[in-house]
Amino acid sequence: MDTQKEALQRIIATLANKNDEIQNFIDTLNHRLKGVQANSAKVLSELDEEFDSLYSLLDEMKESMTNSIKQEQAHKMQALQNQLTQCTNALENSEELLEFASRTMDIKEPEEFTKAARQIKDRVTMAAAFRLSLKPKTSDNMTHLMVDFSQERQMIQTLKFLPVPKAPEIDLTDCIVADNCVSVAWRMPDEDNKIDHYVMEYRKTHYDGLPRVKDERCWEQIDHIKATEYTLSGLKFDSKYMNFRVRACNKAVAGEYSDPVTLETKALTFAFDSMSSHLNLKVEDSYIEWDPTGGKSQENKVKGKENKGSGTPSPKRTSVTARPAMMRGSRDRFTGESYTVLGDTTIESGQHYWEVKAQKDCKSYSVGISYKSIGKFDQLGKTNTSWCLHVNNWLQAAFAAKHNNKAKALEMPVPDRIGIYCDFDGGQLSFYNANTKQLLYSFKSKFTQPIVPGFMVWCGGITLYTGLQVPSAVKTLQKSENGMGGSSNSLTSVAQ
């Protein structure tokens with residue numbers, strides 16, 4: 001009995017689930033039916049609008065052409081009517097003169113006859129009948145206003161629903177990647193004058209070749225593109241590649257996407273290495289700020305945990321930073337007055353570019369590169385294993401290039417944003433005004449070890465910008481510079 005009840009309960013549960021599925025499907029079908037009705041009403045309304053527009057245009061054309069025929073008719077009739085009136089008047093005058101001449105022939109008195117004959121002669125000379133043109137001023141031909149709409153009728157007979165646009169073809173030879181911009185160009189396989197606009201989608205990826213379906217970022221979209229090319233600008237190249245695809249849209253429907261293409265967008269991307277920073281620096285991925293209480297608040301926090309009964313540290317001093325106690329040992333990479341942090345990426349080859357921007361009230365900062373072996377008390381530019389551009393706005397302003405504890409003063413304004421170009425294989429480090437691409441200074445050195453970006457800041461902060469290609473202007477300047485643009489023999493070396 002119990003077994004039968006359990007079996008019946010399972011059947012009831014199965015039936016209930018099936019009923020739910022069927023009910024959901026019925027709801028789906030009802031929704032679909034409503035959708036068909038609504039969409040059919042919509043396209044019928046649009047069809048009526050399009051045909052009404054055609055009817056209206058045909059009525060306008062008919063009215064215009066009818067007016068042209070009526071104007072031509074009125075012009076011809078007026079010209080012929082004027083000519084007819086002139087001829088009728090001339091004929092009446094001529095008949096009167098003829099009757100007068102006939103009566104004159106019956107005059108017997110010579111003197112009277114001579115007088116009448118002279119009058120007739122004078123009147124004949126001035127008669128309008130002899131000055132009239134007996135050729136009609138216009139013809140009755142109206143064939144130049146006839147129409148033949150056979151071709152137009154054939155065109156109208158070809159009216160049909162809009163076809164789905166074909167997939168565009170992206171032309172890789174016309175695609176350009178430069179200056180953190182990507183220009184994508186495409187063409188239609190066949191001419192299609194019904195296309196209204198294009199939609200381009202793109203996404204970043206670390207995979208070469210065809211885009212992968214899984215484990216990829218979402219596509220981002222650029223809509224309503226009227227031309228057959230588009231340029232994405234201001235990109236951060238933080239992935240090795242980017243995928244692109246395009247589809248065409250007419251008024252009614254969007255076509256299939258083009259075959260996706262993959263373009264290389266490789267650039268140096270790195271962040272500040274918080275594990276290598278001085279304790280007095282607050283470090284984020286792309287921003288560092290000098291924190292005068294960083295080390296002290298950390299020590300107080302550790303002491304507070306070790307001696308719970310010794311009192312509570314001042315909230316003012318502990319609210320500045322909240323680093324875990326276990327970070328204390330790892331943050332001893334730099335100490336003393338070496339307020340330094342390194343980048344988290346090592347450079348061993350190639351040409352690379354990044355930019356930095358200091359806070360307006362930053363009192364002192366340095367940007368450059370160093371070997372990873374730089375000492376914990378060493379400052380950038382004061383050893384033979386580091387090279388930098390140093391800015392000092394405290395007490396006595398200074399702007400200089402530094403290496404091996406030697407400085408070269410730079411007689412130019414400090415730019416708002418500094419670009420750093422490093423050619424590891426060519427042994428060159430150059431600094432630029434990031435906005436104007438003016439060369440500030442160049443170091444020449446044979447790098448014998450891997451290098452890392454280096455940064456120092458005191459009383460202020462620095463923002464880091466990476467994922468940047470070497471700008472075209474910098475490439476051009478490098479070709480013309482050949483190591484002479486700002487190098488100084490006193491600062492050129494081979495670091496061991």
Side-chain angles (χ1 to χ4, degrees), residues 31-88 133-171 184-201 221-231 245-258:
H31 185 269
R32 190 68 55 88
L33 282 170
K34 291 180 180 178
V36 170
Q37 291 176 342
N39 291 332
S40 297
K42 179 181 178 182
V43 295
L44 283 172
S45 175
E46 291 181 354
L47 183 66
D48 286 339
E49 288 180 4
E50 289 294 331
F51 271 98
D52 288 343
S53 177
L54 280 177
Y55 298 151
S56 177
L57 180 61
L58 287 172
D59 287 340
E60 290 177 5
M61 293 298 298
K62 179 181 179 181
E63 183 178 0
S64 175
M65 297 175 78
T66 300
N67 288 336
S68 297
I69 293 174
K70 289 182 177 180
Q71 288 174 4
E72 182 72 4
Q73 176 189 5
H75 171 73
K76 285 178 175 287
M77 291 186 68
Q78 184 66 43
L80 293 173
Q81 188 65 48
N82 290 341
Q83 196 172 16
L84 179 61
T85 300
Q86 292 174 0
C87 289
T88 300
S133 171
L134 299 182
K135 180 180 179 181
K137 288 186 176 180
T138 183
S139 72
D140 59 353
N141 191 347
M142 298 288 281
T143 56
H144 61 290
L145 294 175
M146 294 182 65
V147 296
D148 179 9
F149 292 148
S150 57
Q151 290 185 349
E152 287 76 6
R153 276 193 292 272
Q154 290 179 0
M155 290 180 61
I156 291 175
Q157 289 171 352
T158 63
L159 291 177
K160 56 186 177 182
F161 297 108
L162 280 172
V164 177
K166 293 184 178 180
E169 298 173 352
I170 297 179
D171 191 347
V184 181
W186 58 89
R187 60 175 177 267
M188 294 300 295
D190 300 311
E191 184 177 354
D192 187 348
N193 57 9
K194 299 293 186 181
I195 291 176
D196 179 69
H197 65 276
Y198 298 92
V199 176
M200 184 178 78
E201 293 190 345
Q221 188 178 95
I222 305 294
D223 203 351
H224 300 293
I225 302 172
K226 294 296 184 179
T228 55
E229 61 180 357
Y230 190 82
T231 298
R245 64 184 185 183
V246 181
R247 64 176 174 177
C249 305
N250 56 32
K251 182 181 177 182
V253 66
E256 294 294 325
Y257 281 104
S258 65

_Could you tell me if the side chain of Ile156 sits less than 4.5 Å from the side chain of Leu54, heavy atoms only?_
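Not in contact.
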*Is it the case that more than 12 heavy atoms not belonging to Gln221 sit under 6.0 Å from its CD atom?*
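Enclosed: over 12 neighbouring heavy atoms sit under 6.0 Å from CD of Gln221.
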*Check whether more than 12 heavy atoms from other residues, nucleotides or ligands sit under 6.0 Å from atom NE2 of His75, and answer yes or no.*
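For His75, atom NE2 is not crowded (no more than 12 foreign heavy atoms under 6.0 Å).
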*According to the interplanar angle, ranging from 0 to 90°, do the rings of Tyr198 and Trp186 count as parallel (below 30°), tilted (30 to 60°) or perpendicular (above 60°)?*
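Plane angle over 60°, so perpendicular.
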_Closer than 4.0 angstrom, basic N to acidic O: yes or no for Arg187 and Asp171?_
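A salt bridge links Arg187 with Asp171.
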*asked:* Using the salt bridge (Lys or Arg N to Asp or Glu O under 4.0 Å) criterion, which residues pair with Lys226? Sequence neighbours excluded.
replied: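 Lys226 satisfies salt bridge (Lys or Arg N to Asp or Glu O under 4.0 Å) with Asp196 only.
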*asked:* Between Gln71 and Asn67, is there a side-chain donor-acceptor contact under 3.5 Å, judged purely by atom types and distance?
replied: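 Short answer, no.
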Could you give the distance from [atom1] ([X]) to [atom2] ([Y]), rounded to the nearest 0.5 Å?
X: Asn39; Y: Arg32; atom1: CG; atom2: CZ; value: 10.5 Å
X: Asp223; Y: Met200; atom1: CG; atom2: CE; value: 11.0 Å
X: Leu145; Y: Glu72; atom1: CG; atom2: CD; value: 5.5 Å

_Please check: side-chain N/O of Ser64 versus main-chain N/O of Glu60, any donor-acceptor pairing under 3.5 Å?_
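Answer holds: no.
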*For Lys76 and Ser139, indicate whether the former's side chain and the latter's backbone hold a donor-acceptor pair under 3.5 Å.*
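Looks like yes, one N/O pair under 3.5 Å.
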Heavy-atom pair with the smallest gap, counting every atom of [X] and [Y]:
X: Ser133; Y: Gln83; result: O-NE2, 3.5 Å
X: Ile69; Y: Met142; result: O-CE, 3.9 Å
X: Pro163; Y: Asn250; result: O-ND2, 2.8 Å
X: Cys249; Y: Val199; result: SG-CG2, 3.8 Å
X: Val164; Y: Ala254; result: CG1-O, 4.1 Å
X: Val36; Y: Ser40; result: O-OG, 2.6 Å

*Please list all pairs passing the side chain to side chain donor-acceptor pair (under 3.5 Å) test where one or both residues lie in residues 46-56, with sequence neighbours left out.*
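Residue pairs with at least one partner in residues 46-56: Glu50-Lys251.
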